[in-house]
Asks: 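Before I ask anything, here is the structure I am working with.
First the proteins, then the strands, lettered A, B, ... as listed; each starts at 1.
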Protein chains: 2
Amino acid sequence: MRIGELHQATGVNIETIRYYEKEGLLAAAARSANGYRNYNAAHLERLSFIRHCRALEMPLAEIKQMLDFVAHPEADCGDINRLIDEQLTRVRVRLRSMHALEKQLSQLRAQCGKSHTAAECGILHELVVAAQGEA
Amino acid sequence: MRIGELHQATGVNIETIRYYEKEGLLAAAARSANGYRNYNAAHLERLSFIRHCRALEMPLAEIKQMLDFVAHPEADCGDINRLIDEQLTRVRVRLRSMHALEKQLSQLRAQCGKSHTAAECGILHELVVAAQGEA
DNA sequence: AGTGACCCTATAGTGACTACAGAGTCAACA
DNA sequence: TGTTGACTCTGTAGTCACTATAGGGTCACT
């Protein structure tokens, strides 16, 4: 399977696939006589795993660790739990801050119901005042 | 006020302050005889405004636009509304995806209640299966 | 031979910082 | 005067996960 086919099969960009290979997440593919990469089913499986973990917004370094666990079935899975827990914590912290942010932005947006000049803009006024309150 | 004092006053890193100056968000400070930057109250005010907008996760390019509106009180504030609306939309989209992500991670985490080996790990199993489902 | 789709490597850019190297300045102290 | 630690400067590079581009090769088809 050439790189374009692997892209079609997984939805991962060609350049990203090369990047993952360079970063050591994917094993280097065998090469055809013309220098083209030749991927096999194991690559497909591994890239899908990587892509799925990325969809969970896990950092590449941690995905590498997960892949190590896949490669070592005798390893203790406490560390897998820890990685997922850490990611879950990051996501929850992030969620809270995004909620607060949405609230702030909504309140800010409500300061200006009609179009008029910047001088009269409740949004700008609020931003300036808030900045002064913090200065 | 020297750069360290501005940092103390706003909580913005010294290097970040220099970065903002380089990017044109902050006007270049006057220099003392020894080459040190000398900031005034206007800089303090402007940096606080920038920092507040950053706290709202607005991109720097948009903060620049907001600062232009502050500088031009006669301008129409419809564009300010638009910028805030766009940011609000981005945040809401992001919130939805973070919620879905939290749910997925929680479900994944629930696959493994006890420590055992990676071979038996429900989390890994689920990740591999999910990746195969998508491959 | 020409052409378009595909592939290659190397390098640089994105956004918003952040760190580091090497050097100058300053005030306090011995 | 010399030393020292805190502060400042510019320039450059690195972070993270991509993404784009330049310049060139390969391949199948016309």
Asks: Check whether any side-chain N or O of A:Tyr20 sits under 4.0 Å from OP1 or OP2 of D:dC18, and answer yes or no.
Replies: yes
Asks: Might you point out which heavy atoms bring A:Leu108 and A:Leu127 nearest each other, and give the distance in Å?
Replies: CD2-CD2, 3.9 Å
Asks: From the options D:dC18, C:dC7, C:dC17, select the nucleotide whose nearest atom is closest to the side chain of A:Ile3.
Replies: C:dC7
Asks: Closest nucleotide of DNA chain D for A:Glu15 versus for A:Ala33: which of these residues is on the 5' side?
Replies: A:Glu15
Asks: Would you say A:Asn13 reaches D:dC18's phosphate, i.e. side-chain N/O to OP1/OP2 under 4.0 Å?
Replies: no
Asks: What does A:Arg18 touch in the nucleic acid at a heavy-atom separation under 4.0 angstrom: a base, only the sugar-phosphate, or nothing?
Replies: base
Asks: Would you say a side-chain N or O of B:Arg2 is under 4.0 Å from OP1 or OP2 of D:dA6?
Replies: no
Asks: Roughly how many Å is it from CD in A:Glu21 to C1' in C:dT9, rounded to a whole number?
Replies: 12 Å
Asks: I need the minimum non-hydrogen distance between A:Asn40 and A:Met1, along with the two atoms involved.
Replies: O-CE, 4.1 Å
Asks: Report yes if a side-chain nitrogen or oxygen of A:Thr16 is closer than 4.0 Å to either non-bridging phosphate oxygen (OP1 or OP2) of D:dT19; otherwise report no.
Replies: yes
Asks: On DNA chain C, compare the nucleotides closest to B:Met58 and B:Asn34; which residue's is nearer the 5' end?
Replies: B:Met58
Asks: Between A:Arg92 and B:Ser106, is a side-chain hydrogen bond (donor to acceptor under 3.5 Å, both in side chains) present by the stated rule, with each step listed?
Replies: CA-CA 10 Å; A:Arg92 285 187 172 138; B:Ser106 295; 3.2 Å; yes
Asks: Which part of the nucleic acid, if any, lies within reach of A:Arg37 when heavy atoms closer than 4.0 Å are counted: base, sugar-phosphate only, or nothing?
Replies: sugar-phosphate
